[in-house]
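Given the structure is predicted, the values throughout are model-derived calculations rather than measurements. Read the numbers this way: they start at 1 and go in the same order the structure lists the ligands and their atoms.
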Amino acid sequence: MRFLACCLLFAAAASAQNRSAVDWHKLEPEILANFTALLKIDTSNPPGNETQAAKAIQTILEREGIRCRLFALDPARANLVARIKGTGKKKPVLILGHTDVVGVQRERWTVDPFGAINKNGVIYARGARDDKPHVVAGIMILLLLKRMNIQLDRDVIFLAEAGEEGTSTYGVDYMVKEHWPEIEAEYAIAEGGSIVEEKGKPHHVLISTTEKSPQRMRLVAHGPAGHGSRPEMANAVVHLAEAVARAGNWQTPMRLSDTTRTYFERLAAISPPDLAARYRDILDPARAAEVDRYFRKSEPGHYSILRTSVVPTIINIGFRSNVIPSEGEATLDVRALPDEDMTKFVAALRRVIDDPSIEVIPPKNSARPVAPPSRIDTDLFRAFENVGRRMFNVPTLPNMMTGATDNAQLRAKGVQAYGTGPIVTPDEGPLGGAHGDDEHISVRSLMALIEYLWNTLLELG
Ligand SMILES: [Zn+2]
């Protein structure tokens with residue numbers, strides 16, 4: 001009897017696996033057709049025109065009986081939501097991708113940025129990385145769940161959102177404020193991570209669990225206007241230049257968090273000895289300062305995740321070569337650690353600049369809400385770890401993004417939100433060429449992301 005029960009259980013488990021086995025090779029042409037169709041829709045933001053993309057997605061999903069709803073603050077900029085019902089035992093999981101893309105400088109591209117041509121297994125188009133892979137992943141996951149009649153123990157919601165590239169009013173802010181019940185979830189999966197390859201094979205999976213908070217600041221210099229022939233101690237150009245140099249050269253205090261500590265520990269465990277020593281030393285208060293100096297020179301990404309960073313990006317002062325201007329300003333791209341006390345930070349910045357003729361003006365409100373990092377002891381994070389092991393035999397590292405994503409708004413609502421991504425190779429750099437000219441992705445990399453997300457959802461249950 002026990003033997004029989006055991007056999008039945010085994011058979012049930014095996015058939016559950018078979019039922020969810022996907023022939024990815026067979027599915028590839030369909031995935032590529034949907035992906036290139038999306039890439040050919042010019043959703044450059046501004047103006048966005050995301051409704052065109054939302055309608056294309058609606059056609060694909062509704063033709064197989066998956067109902068879609070469009071939500072738009074501006075009729076040209078619709079968000080799409082679709083849902084596959086689970087048993088309802090657990091709270092939903094949300095998969096999101098943004099349909100808008102950043103603009104292009106066409107003259108710098110060697111191919112049509114909206115042609116989506118495939119050259120030797122590599123697809124070139126704006127949005128090929130950022131973020132249409134997640135959009136097509138969401139589409140395919142819903143289609144597969146529906147076709148295979150798989151019911152998970154939670155709903156799977158897909159949000160194809162507008163306005164991620166700097167205009168979240170139309171996208172995530174609007175959905176969170178006005179249509180929260182449509183996308184309310186325990187977990188969210190969006191952009192922001194990657195499957196990192198080295199020497200031609202996967203090395204580790206990066207899952208972003210938190211991100212820095214953009215806090216653009218202005219430095220405004222004031223001084224007397226004057227004749228360019230008469231040197232003037234109060235010259236606003238000189239004062240502004242000195243203030244920018246001091247702010248830009250300021251080595252802000254470094255600080256580890258749970259995310260960055262775990263990240264460096266796990267990175268040390270899989271790095272060659274010299275690198276591993278460095279990643280361990282950054283965790284050792286006695287040795288950290290030396291490594292931090294090294295990061296400052298040679299690993300800006302690592303330098304940035306250890307601190308609130310200050311990067312001057314714009315200087316605007318003067319209008320004639322023979323006139324001392326009375327006013328001008330500079331912009332600092334400040335990226336704060338999630339737990340930074342900004343009032344104290346601005347006070348410290350003023351002390352560093354130490355010049356009463358320079359006004360330091362913090363942003364009225366930050367571009368994105370600030371929230372604690374998503375946890376690394378959740379069922380979803382464990383599912384990422386298990387699938388990373390099973391598919392690629394590599395560990396999973398939690399990561400703090402230096403850039404900003406719509407996950408910030410979801411974390412602020414209490415969602416455990418994670419960033420995933422396709423394969424990146426060393427020559428593609430850590431961001432895989434997102435926002436660059438000739439943006440591209442290999443078919444292999446796209447397929448890996450979709451399969452990885454699919455397996456993770458099944459692993460989650
Ligand atoms: Zn993006």
Chemist: Can you confirm whether more than 12 heavy atoms, excluding those of D377, are under 6.0 Å from its CG atom?
Modeler: yes
Chemist: Are the side chains of H203 and I270 in touch, meaning some heavy atoms are under 4.5 Å apart?
Modeler: yes
Chemist: Quick check: of its N, O or S atoms, which one does D130 have closest to the Zn ion (ligand 1)?
Modeler: OD1
Chemist: Cation-pi between R375 and F381: NZ/CZ under 6.0 Å from ring centre and within 45° of the ring axis?
Modeler: no
Chemist: Determine, stepwise, if the pair F158 / I66 fulfils side-chain contact (heavy atoms from CB on, under 4.5 Å).
Modeler: CA-CA 11 Å; F158 170 47; I66 301 169; over 6 Å; no
Chemist: For N/O/S atoms only: which one belongs to H98 and is nearest the Zn ion (ligand 1)?
Modeler: NE2
Chemist: Nearest to the Zn ion (ligand 1), which N, O or S atom of E191 do we find?
Modeler: OE1
